[in-house]
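We name chains A, B, ... by the order of the sequence lines, and we start the count at 1 in each one.
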Number of protein chains: 2
Amino acid sequence: MLSNTEENYLKALVHLTIEKGLKDAGTNELAQLLGVKPATATDMLKKLKTKKLVDYKKYGRITITSPGRKHAIEVIRKHRLWETFLFEKLHFSWDEVHEVAEQLEHIQSKKLIDELDRLLGFPSVDPHGEPIPSSKGELKVKPRITLAEAALKTTHIVMGVNDDHAEFLQYVDKVGCKIGAKIKVIQRHAFDDSHELEINGKKALVTAKFAQQIFVA
Amino acid sequence: MLSNTEENYLKALVHLTIEKGLKDAGTNELAQLLGVKPATATDMLKKLKTKKLVDYKKYGRITITSPGRKHAIEVIRKHRLWETFLFEKLHFSWDEVHEVAEQLEHIQSKKLIDELDRLLGFPSVDPHGEPIPSSKGELKVKPRITLAEAALKTTHIVMGVNDDHAEFLQYVDKVGCKIGAKIKVIQRHAFDDSHELEINGKKALVTAKFAQQIFVA
DNA sequence: TTAAAAAGTTAGGTTAGTCTAACTTTTATA
DNA sequence: TATAAAAGTTAGACTAACCTAACTTTTTAA
């Protein structure tokens with residue numbers, strides 16, 4: 001049985017590699033994502049290596065092993081099912097679900113998750129548009145285009161949003177950028193990397209950092 | 001914010017005092033209930049004392065303070081609401097709910113509990129017949145008679161069952177002893193403390209330990 | 001009423017997860 | 001291609017929650 005902390009490290013590795021289409025990650029970026037110091041991440045990586053959950057050699061890059069990936073994807077499945085439950089059944093808004101799901105994702109009970117899945121009607125995406133891994137551990141990695149890379153003056157559909165920060169999501173919501181919204185990048189300003197958008201017909205000006213968190217098709 | 005462990009100590013103190021109609025508890029019984037050594041409980045009691053959650057002096061008896069009680073009752077409320085959710089919405093049987101609720105009771109989110117309460121229709125008892133504290137922190141302590149103290153040859157109604165052990169609950173279920181069942185103590189055998197019962201008309205022979213876990217009215 | 005038993009505490013040790021400060025290895029670039 | 005910057009590691013320390021072994025205080029009962 002893995003601790004909550006170990007599960008969080010594995011989950012972070014999947015976010016940094018598989019979900020970005022990359023094959024490995026570095027100690028510093030892992031530490032940063034988890035909000036710990038690199039030295040702390042090094043210690044944990046040694047432990048995860050002895051448990052055969054990551055492949056890793058000193059000063060090298062980190063890859064997740066097949067058992068490590070399997071476990072991480074289960075945690076991600078739980079996280080996204082709980083987010084969906086909170087949103088669909090308990091009247092949570094999309095900016096409120098993440099924080100509570102971070103706690104709920106570590107509850108250990110196979111039956112709980114199977115039944116939750118059934119109660120929700122076997123959903124395939126969470127409230128932010130992120131795919132929910134199947135009970136067999138399959139995680140759909142759709143090649144995602146962020147608003148920062150999307151073609152200019154073309155209408156796109158908002159497919160998903162990074163869920164990590166409540167404040168960000170409230171802002172996203174405020175400018176009318178919901179899942180399914182029609183969105184167009186009118187122009188990019190090189191001097192400050194800002195993006196001029198049209199969301200469902202309404203103009204908005206956002207930063208590059210904002211644009212990188214919005215996934216479109 | 002209290003750790004899961006601190007919450008478990010406070011909860012155990014309420015189980016040992018308020019729910020039994022007693023005003024204080026001892027280090028050893030507390031340690032035993034929590035499955036730790038007395039030395040460990042002593043350490044934690046010192047910590048809870050500095051946080052003003054218990055009243056306590058060296059070699060003395062432990063009482064819970066008003067803030068400590070308030071917090072403990074919130075945890076008990078969460079535990080029993082989660083048990084009810086698992087039983088009512090997720091097809092768990094009454095012997096399966098306790099273990100998972102032990103994990104879920106520590107999730108921190110006021111909104112989560114308020115919404116769960118609403119989803120369940122503001123229940124007043126959990127699947128084992130235990131009262132669910134109100135959102136204001138009121139815990140009904142019904143004076144409870146166990147089967148071991150119940151009058152002989154009188155028909156009683158099963159009002160509740162101690163929920164701690166899944167195996168016990170499965171056995172309780174098997175002999176037909178559900179909440180609301182009619183139960184009569186035919187005879188008690190002094191030489192081995194066994195109890196001869198009649199449950200909904202069917203005979204059964206049970207131990208004293210069994211009889212102490214069944215609450216009747 | 002005192003001695004043994006029960007209850008409770010203290011001291012010192014362990015593990016998990018974190019930190020800082022100093023160090024080493026790798027990489028990128030002048 | 002040498003060296004500075006970036007990336008990563010090591011050593012030593014801290015806290016929370018647990019342990020065992022030895023000790024002290026309180027209670028019980030002969």
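For the salt bridge (charged side-chain N to carboxylate O under 4.0 Å, His left out) with B:Asp114, the qualifying choice from B:Arg118, B:Lys110, B:Lys111 is B:Lys110, the only one to do so.
A:Thr42 places a side-chain N or O within 3.5 Å of a backbone atom of A:Pro38 that can act as its donor or acceptor partner. Put simply, the side chain of A:Glu6 gets close to the backbone of A:Ser3: a donor and an acceptor are under 3.5 Å apart. Using modelled atom types, one side-chain atom of B:Glu149 and one backbone atom of B:Thr146 make a donor-acceptor pair closer than 3.5 Å. Using a distance-only test at 3.5 Å, with no hydrogens or angles considered, no donor-acceptor pair links the side chain of B:Thr40 to the main chain of B:Val36.
Regarding contacts with the backbone of D:dC19, a side-chain N or O of B:Thr40 is found under 4.0 angstrom from either OP1 or OP2.
Remark: nothing in residues 2-18 of chain A comes within less than 4.0 Å of DNA chain D through any heavy atom.
Between A:His106 atom NE2 and C:dG17 atom C1' there is a gap of 14 Å when expressed in whole angstrom units. Distance, B:Lys37 NZ to C:dT14 P: 18 Å, rounded to whole Å. When rounded to the nearest whole Å, the span between NZ of A:Lys47 and P of C:dT15 equals 12 Å.
The pair A:Glu105-A:Arg77 fails the salt-bridge criterion, with no side-chain N (NZ, NE, NH1 or NH2) lying under 4.0 Å from an Asp/Glu carboxylate O.
Side-chain atoms of B:Leu104 and B:Phe85, non-hydrogen and from C-beta on, never get closer than 4.5 Å to each other. Counting only heavy atoms from C-beta outward, the side chains of B:Leu139 and B:Glu19 approach each other to under 4.5 Å.
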Could you pull out the protein-nucleic contacts involving nucleotides 2-5 of chain C (nitrogen or oxygen on both sides, under 3.5 Å)?
none

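Remark: A:His98 NE2 to A:His128 NE2 distance equals 8.0 Å, nearest 0.5 Å.
With 3.5 Å as the limit, one finds no donor-acceptor pair spanning the side chains of A:His79 and A:Asp126.
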For nucleotides 2-9 of chain D, give me one character per nucleotide, 5' to 3': B if any protein heavy atom sits under 4.0 Å from the base, S if the only such contacts are to the sugar-phosphate, - if neither.
-----SBB
